[in-house]
There are 2 protein chains.
Amino acid sequence: MKNADHTNMLLHTDRPASQRKIVDILAAARTEFFANGFSATSIEAIAARACVSKVTVYSWFKNKENLFGEVVKTECSQMRKYFVVENLEGTELRDILISAAHGMLNFLMRDEMVRFERVLAAEVNRDPKIGEYFLDNGPRMLLGDLTNLLNAAIERGEIRSENVTESAEMFAGLTMGRMDLFLRYGHKVMMTEEDKKKRVNRAVDAWLTLHRV
Amino acid sequence: MKNADHTNMLLHTDRPASQRKIVDILAAARTEFFANGFSATSIEAIAARACVSKVTVYSWFKNKENLFGEVVKTECSQMRKYFVVENLEGTELRDILISAAHGMLNFLMRDEMVRFERVLAAEVNRDPKIGEYFLDNGPRMLLGDLTNLLNAAIERGEIRSENVTESAEMFAGLTMGRMDLFLRYGHKVMMTEEDKKKRVNRAVDAWLTLHRV
DNA sequence: ATCAAAATGTACGGTAGCGTTCAAATAAAA
DNA sequence: TTTTATTTGAACGCTACCGTACATTTTGAT
């Protein structure tokens, strides 16, 4: 194992080839882990998919558990890019919320995300820290952004709330309903863009009704 | 394998002892599967926990997959008992909803349930039918009961709704928020009975606000 | 007491995966 | 061209598990 932390190792290496291999390994590991889960995934399958020898995998990652952890880390760091809650200047609060709800819906409905959550949840028993890590970099961060956005709106006197955190959670609950649950257990949710719009509008209007001054 | 279907085999057996063994095996399998997931659970560990030989396990269940399926079936059939949505005669709608929300919260917050959902979700990739089976016997059934309850209330003119199914989903979404998500990823939710009451009241009042005539 | 179903222990063959070792090959940098 | 880090394949020891076979023992029913 040459380096345990791959987050900032773009500088200290003599040869650039290894960089590509690491990326390949992580990508392959991601695919395999998401498809089969932790236990049912073999290092050799990962190596094969990455077109790399098993020894190379072990030369960059301590062991299977460590590799899985790195995959989760990488995935979590990507999450922020996909779903951002923005407080756009000069935009109606309702439109901001609609945009946020759409973002949430699209983000969580992706097949990739659904599969990621499936696999991750299963590994929480084995390694609870990995669940915490995900929560910190995913849900908690998103709810935090949302809370900030709501606080700003409250400051401006546009809405009111006794408990902003709970209000943020309610927003997510109203938007998603039980859809994430149904997706997780394999129900194919067929939704046109029109359906999404309807659902989002309904959720936002409901939420605004509950929080109007 | 003496009998593949254990749901109605209380009659055709000569000896009652085997009945107890089957129950023991299922209980042990449940514990092991819920703790370690499908792949990481060994038949031998199950046999040991059930104080039974491995051969006995195989004499009653075809294989590991089949055993897991039976565990899920058993668990699903138990679910209805834990959480019932009742339309109590002569009870205020608000109280019925509060009771239902409490039932939902307590039901889904149980550590057992959280772990069951974790393991189950992970196996959906391997066997999608198992996810469908769970949805049919769990969430869909509960939402169905809830929908019936709401329809009755609408009939009585106590509330109104454009889309009852979505309203039922909203009820669940408002009550649970993102709590099920946080629980699934290992966040320890510390809630006193007082906290639960507050949350439930808040959700029910919000929902009623959205559906009053 | 007798009988047959049920359960056991042991052992087996087969497969698979983890993580390591090592000598040989490769490829970038000097 | 030489040097040095990196990569490779093949093999290894080890452990674990699946599912089966079989001879033996237990156990409930009649």
Side-chain angles (χ1 to χ4, degrees), chain A residues 1-4 6 9-29 31-33 35-71 119 123 126-127, chain B residues 1-6 9-29 31-33 35-71 123 126-127:
Chain A
M1 182 181 38
K2 284 122 193 172
N3 194 333
H6 306 285
M9 62 183 309
L10 295 158
L11 304 167
H12 309 293
T13 186
D14 290 353
R15 292 169 57 193
S18 53
Q19 280 303 319
R20 212 199 53 227
K21 303 246 172 194
I22 291 174
V23 172
D24 288 351
I25 293 169
L26 280 172
T31 306
E32 292 291 326
F33 280 134
N36 315 316
F38 180 80
S39 302
T41 293
S42 77
I43 298 282
E44 282 180 292
I46 292 170
R49 179 176 289 277
C51 298
V52 145
S53 84
K54 186 168 66 158
V55 186
T56 305
V57 175
Y58 277 103
S59 83
W60 291 106
F61 301 91
K62 197 179 163 216
N63 54 30
K64 196 174 165 184
E65 213 162 311
N66 177 283
L67 177 52
F68 183 76
E70 293 297 327
V71 169
V119 170
E123 297 318 316
R126 192 177 49 80
D127 180 8
Chain B
M1 183 181 38
K2 285 124 193 170
N3 195 332
D5 184 15
H6 306 285
M9 63 182 307
L10 295 158
L11 305 166
H12 310 293
T13 187
D14 289 355
R15 291 169 55 192
S18 52
Q19 281 301 321
R20 212 198 54 227
K21 301 244 173 194
I22 291 175
V23 171
D24 288 351
I25 292 169
L26 279 171
T31 306
E32 291 291 325
F33 280 133
N36 315 316
F38 180 79
S39 302
T41 293
S42 77
I43 298 281
E44 281 178 293
I46 292 170
R49 179 175 291 275
C51 298
V52 143
S53 87
K54 187 169 63 157
V55 186
T56 304
V57 175
Y58 277 103
S59 83
W60 290 105
F61 300 92
K62 197 179 163 215
N63 54 31
K64 197 175 165 184
E65 212 163 310
N66 177 283
L67 178 51
F68 183 76
E70 293 298 326
V71 169
E123 297 319 316
R126 192 177 49 81
D127 179 8

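All figures in this text were calculated on a predicted structure; none of them were measured in a lab. Here is the naming used below: chain letters follow the sequence lines, and residue numbers restart at 1 for every chain.
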Without decimals, in angstroms, what is the distance between A/R20 CZ and D/dT6 C1'?
13 Å
Atom-pair distance (CG on A/N36; P on C/dA16), nearest Å
14 Å
Whether the side chain of A/K21 engages the backbone of A/W60 through a donor-acceptor N/O pair (distance < 3.5 Å, no angle test) should be reported.
no
Indicate the atoms forming the closest heavy-atom contact of B/V57 with B/A47, along with that distance.
CG2-CB, 3.9 Å
Could you walk me through whether B/I43 and B/Y58 pass the side-chain contact (heavy atoms from CB on, under 4.5 Å) test, one step at a time?
CA-CA 9 Å; B/I43 298 281; B/Y58 277 103; 3.6 Å; yes
Counting only side-chain nitrogens and oxygens, does A/W60 get under 4.0 Å of the OP1 or OP2 atom of D/dT7?
yes
When the distance from NZ of A/K21 to P of C/dA28 is rounded to whole Å, what number comes out?
10 Å
Report all interatomic pairs (protein N or O, nucleotide N or O of nucleotides 19-23 of chain D) with separations under 3.5 Å.
from   : atom 1 : to    : atom 2 : distance (Å)
D/dG19 : OP2    : B/Y58 : OH     : 2.9
D/dG19 : OP2    : B/K64 : N      : 3.4
D/dG19 : N7     : B/K54 : NZ     : 3.0
D/dG19 : O6     : B/K54 : NZ     : 2.7

Indicate, with a heavy-atom threshold strictly under 4.0 Å, whether A/S39 touches base, sugar-phosphate, or nothing.
nothing
Expressed as a whole number of angstroms, how long is the span from A/F61:CZ to C/dT20:P?
15 Å
Does the side chain of B/T56 get closer than 4.0 angstrom to OP1 or OP2 of C/dT8 through an N or O atom?
yes
Rounded interatomic separation in angstrom, taking CD1 from A/I22 and C1' from D/dA5
13 Å
State, without any angle test, whether B/T56 and B/S59 hold a side-chain donor-acceptor pair at a distance under 3.5 Å.
no
